[in-house]
**Q** 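I'd like to ask some things about the structure below.
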Amino acid sequence: MISRRKFLAATSLTGASIVTGNKSFSNFVEQSTILNSPIVISTWNFGIAANAAAWEILKNKGRALDAVEKGVHVPEADPTNSSVGYGGLPDRDGRVTLDACIMDDLGNCGSVAALEHIIHPISVARLVMEKTPHVMLVGSGALQFALEQGFKKENLLTPSSEKAWKQWLKNAKYQPEINVENRLFSPTKLPGNQYNHDTIGMLAMDAAGNLSGACTTSGMAYKMHGRVGDSPIIGAGLYVENEVGGATSTGVGEEVIRNVGSFLVVELMRQGYPPEEACKEAVMRIIRKKPNTAKEIQVGFLALNKKGQYGAYAIQRGFSYAVCDGNNQKLMVKAKSYS
Ligand code: ASP
């Protein structure tokens, strides 16, 4: 049942006409949680289990930064998840290379890209943030740092991901291929309709009202060796501005990088756009610049603002996200989309 405070938060936005710059949001109904209470949201259905781990920290008044790190550990360690961490699909040379970044309420951030052999790239990204003067480490340098910090070197290529890659090699002509979750086709169609991409992007607000975010992925399956997507790029795959809100993305990273997508969503929220409208405008920038490309790809944005209101928008149907707060632990929401 909707609480009175939640109802008031929603209706106050519905009734009002929010005018910002040249845009007015007169008919806008925002998804909203109880103001100033903890909340965690994350991309795709694997976000449910990740949110549950994050909630353990948030419900005990822990820090949002710790919550997002622990939350995304769940899909990172899950061998059945073929697009994040251990069990992620490899690049076209059969190597599992991981991208991740994390950002806190103070504007600190850390990132690793094309990192091999480490199950929890998000924790390496956090240590880049906390223990180095840098923001981003890549490839062998990121691995060297991880090993120095005590992380264990592991084989991340599971038998099922190896089998899928070998199957792909038979027909794919060594060409990386982009697909969309509602239009899977050969040769990237995987057993059980697994996707050949998807990222966990997670945003949380803690009991103190502070925001943090994390984003981690094995990236686009069968990509060129060395390819880095949007997920570890601060401002593309993730951005958090504690006074305003946070945003994260999933889908074809190249288009998100070209439009600095998550930074754009946060800046639009700063101008007064509600989260869903901000995500929609970021999607529309991609579509307007490259209408033909946009027909063939998926990009989705997810956003949380300082009031605990959230929203998402995608190019294609099929993007969903998980929400966990004091009212509801396992809410799945279908994002609106352009097509
Ligand atoms: N954004 C990821 C990448 O481009 C993939 C995804 O989320 O679908 O690597």
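Side chains are part of it too, since the values below use all heavy atoms of this structure and drop only hydrogens, waters and symmetry mates. First listed ligand is number 1; within each ligand, the first listed atom is number 1.
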**Q** Does a salt bridge link Lys280 with Glu277, judged by any charged N lying under 4.0 Å from a carboxylate O?
**A** no
**Q** To check your reading of the model: name the closest protein heavy atom to atom 8 (O) of ligand 1, its residue, and the distance in Å.
**A** His197 ND1, 2.5 Å
**Q** Are the side chains of Glu116 and Val96 in touch, meaning some heavy atoms are under 4.5 Å apart?
**A** no
**Q** Would you compute the distance between atom CD of Glu296 and atom CD of Gln316 and round it to the nearest 0.5 angstrom?
**A** 8.0 Å
**Q** Looking only at distance, does Ser249 have an N or O less than 3.5 Å from an N or O of ligand 1?
**A** no
**Q** Just grab all the ring-ring contact (aromatic ring centres under 6.0 Å, His included) pairs involving residues 122-159, residues at least two apart or on different chains.
**A** none
**Q** Taking only heavy atoms of Thr250, which atoms of ligand 1 are found under 4.0 Å from at least one of them?
**A** 6 (C), 7 (O), 8 (O)
**Q** Identify each donor-acceptor pair in which a side-chain atom of residues 231-242 lies under 3.5 Å from a protein atom, sequence neighbours left out, and give them as a table.
**A**
residue : atom : partner : partner atom : Å
Asn242  : OD1  : Leu211  : N            : 2.8
Asn242  : ND2  : Asn210  : OD1          : 2.9

**Q** Who's closest to atom 5 (C) of ligand 1 heavy-atom-wise, of Gly229, Ala221, Ser218, Gly251?
**A** Gly251
**Q** Answer yes or no for Arg92 and Tyr222: cation-pi contact, defined as NZ/CZ to six-membered ring centre under 6.0 Å and angle to ring axis within 45°.
**A** no
**Q** Nearest to atom 9 (O) of ligand 1 by heavy atom, Glu254, Lys223, Arg227: which?
**A** Arg227
**Q** At a 4.0 Å threshold, what atoms of ligand 1 neighbour a non-hydrogen atom of Met220?
**A** 9 (O)
**Q** With atoms numbered from 1 as shown, which atoms in ligand 1 lie under 4.0 angstrom from a non-hydrogen atom of Gly219?
**A** 9 (O)
**Q** Using distance alone, decide if ligand 1 has a nitrogen or oxygen within less than 3.5 Å of any nitrogen or oxygen in Gly253.
**A** yes
**Q** Give the atoms of ligand 1, by number and element, whose distance to some non-hydrogen atom of Ser231 is under 4.0 Å.
**A** 1 (N), 2 (C)
**Q** For ligand 1, which atoms have a heavy atom of Asp230 less than 4.0 angstrom away?
**A** 1 (N), 2 (C), 3 (C), 4 (O)
**Q** What protein heavy atom is closest to atom 7 (O) of ligand 1, reported as residue, atom name and distance in Å?
**A** Thr199 OG1, 2.5 Å
**Q** Does the N or O separation between Thr217 and ligand 1 drop below 3.5 Å for any pair?
**A** no
**Q** Have a look at Thr216 and tell me which of His120, Glu69, Glu76 forms a side chain to side chain donor-acceptor pair (under 3.5 Å) with it.
**A** Glu76
**Q** Can you check whether Ala322's main-chain N or O pairs, donor with acceptor, with Asn51's side chain at less than 3.5 Å?
**A** yes
